[in-house]
Amino acid sequence: MTVTIERDATRTLTVPPEARRTPRPRGRRPLISYGHWWWALPAIILVIAVHYMATLTGGFFAFTNWTGLGDWEFIGLDNFVRIFNDPLMVGAVVNTLFLAFGSVILTNILGLGFALAINRTLKTRYILRTLLFLPVVLSPLAVAYIWKFIFQFNGPLNGFLGAIGLESWQKVWLADPTWSIWAILLTVVWQQTGFVMVIYLAGLASVPVEIEEAAALDGANIWQRFWNVTVPAIRPSIAIATTLGIIQGLRIFDQIFALTGGGPAGATETLATQVYKQAFSLGQFGFGSALALVLTLIILVFAILQQYATRDRDAVGRAA
């Protein structure tokens, strides 16, 4: 078999097959030619050993009475029965869910509102983006101690209420069993709203201006353009923001530890704080592992439900 290459209208060149073969370089084969998967093998082994094996080990000890030292005994579901029979633990579960869903709802509303406000209209939008995102890069403990100063009885918040004639509203916010959990929620929302805003800004950047202008010319008002044009376009951003928000909300620890330490009288205890106290303060590693396993299952369930609720139905329909 030969290949004929046309050189011009009157002349052709015939090339034999052996002349078309590219000679292989001689010598040692490059290391990458033996496969690509094993380059990631050290990282895979490290993740499995540090993360998954540790998780499985903790899950196993959740069914024991291990104290962290010495022997242990397999006790089955006794730790989990104890969790749901203890009012303090049930309250920790309720507080965990309250902080998770409260922070997700408020940060998404505020973050989306800020993103819509500074997306294209304001000339100072770059400065505002920086200022609104600044709390995200701060340490959660540093933020918590700042807000702890604000919430003190002689702090700026009560001083402001007194200045505007609302002395009856002044409280020892972090020592009040009713308002302490709200103080923690406010601290978390203040720090995480900027992160959600950035996610929505990235989503809004993909919304074509022409579609919004065409909808406006067709007579759609601001709400109709937002609901029928903007929301479908940023559905992936909504999924990312809510998923990360739920996971972060269920694991809130630093702010609680710095502001109230779980008090007063357990009013701000969560599963995360109870895992720390039971395992490391009281030495009940088996019971602490059971609490950690319950928290892990709650995170997994809500993450799956949230992904199902915010999935792209159009993409699912095309795949089907």
Side-chain angles (χ1 to χ4, degrees), residues 88 91-118 122 124-125 127-200 241-242 244-246 248-274 276-277:
L88 179 61
V93 174
V94 174
N95 289 337
T96 300
L97 297 177
F98 171 79
L99 290 175
F101 286 98
S103 62
V104 166
I105 293 172
L106 293 178
T107 54
N108 275 269
I109 293 175
L110 294 174
L112 181 57
F114 289 144
L116 291 170
I118 67 177
L122 296 178
T124 58
R125 58 185 180 274
I127 298 176
L128 291 175
R129 289 178 189 178
T130 303
L131 293 176
L132 291 171
F133 188 75
L134 185 61
V136 180
V137 301
L138 300 177
S139 167
L141 283 176
V143 171
Y145 282 119
I146 292 172
W147 279 95
K148 188 173 184 178
F149 166 72
I150 294 174
F151 287 127
Q152 287 179 351
F153 186 76
N154 295 324
L157 179 56
N158 282 337
F160 172 75
L161 293 175
I164 61 176
L166 296 176
E167 291 85 356
S168 60
W169 289 22
Q170 293 177 339
K171 295 178 177 64
V172 185
W173 298 95
L174 298 179
D176 190 309
T178 301
W179 291 99
S180 54
I181 192 73
W182 290 94
I184 293 172
L185 179 61
L186 176 60
T187 304
V188 172
V189 169
W190 183 83
Q191 184 169 24
Q192 295 182 357
T193 297
F195 178 73
V196 177
M197 178 198 69
V198 170
I199 295 176
Y200 283 126
T242 52
L244 295 178
I246 288 174
Q248 292 175 355
L250 291 171
R251 298 187 307 173
I252 293 173
F253 174 79
D254 296 354
Q255 294 87 344
I256 300 173
F257 189 78
L259 287 171
T260 64
T268 58
E269 290 284 4
T270 63
L271 286 174
T273 60
Q274 278 298 309
Y276 171 79
K277 290 181 178 180

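The residues of the chain are indexed from 1 along the displayed sequence.
In this structure, Ile246 and Val104 approach most closely via the heavy-atom pair N-CG2, 3.3 Å. In terms of heavy atoms, Val188 sits closest to Ser103 at CG1-CB, 4.1 Å. Taking both residues in full, the closest heavy atoms of Asn108 and Ala241 are given as OD1-CB, 3.6 Å, listed atom of the first, atom of the second, then distance. Nearest heavy atom pair, residue Leu174 against residue Ser180, reads O-CB, 3.8 Å.
In this structure, Asn95 CG and Ile184 CD1 are separated by 8.0 Å, a value rounded to the nearest 0.5 Å. We find the CZ-OG1 distance between Phe257 and Thr270 to be 12.0 Å, quoted to the nearest 0.5 Å.
For the pair Phe149 and Ile146, the minimum side-chain heavy-atom distance is 4.5 Å or more. The closest side-chain heavy-atom distance from Leu185 to Leu106 is below 4.5 Å.
Taking the six-membered ring for Trp and the full ring otherwise, Trp182 and Phe98 have centroids separated by under 6.0 Å.
The number of heavy atoms from other shown groups lying within 6.0 Å of CZ (Phe253) is above 12. Counting non-hydrogen atoms of neighbouring residues, nucleotides and ligands closer than 6.0 angstrom, the CH2 atom of Trp179 reaches no more than 12 such neighbours.
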If you look only at distance, which donor and acceptor atoms sit under 3.5 Å apart when one is on a side chain in residues 128-139 and the other is two or more places apart or in another chain?
{"residue": "Thr130", "atom": "OG1", "partner": "Tyr126", "partner atom": "O", "Å": "3.1"}
{"residue": "Ser139", "atom": "OG", "partner": "Leu141", "partner atom": "N", "Å": "3.3"}

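Taking the six-membered ring where tryptophan is involved, the planes of Phe151 and Trp173 are tilted, since the angle between them lies from 30° to 60°.
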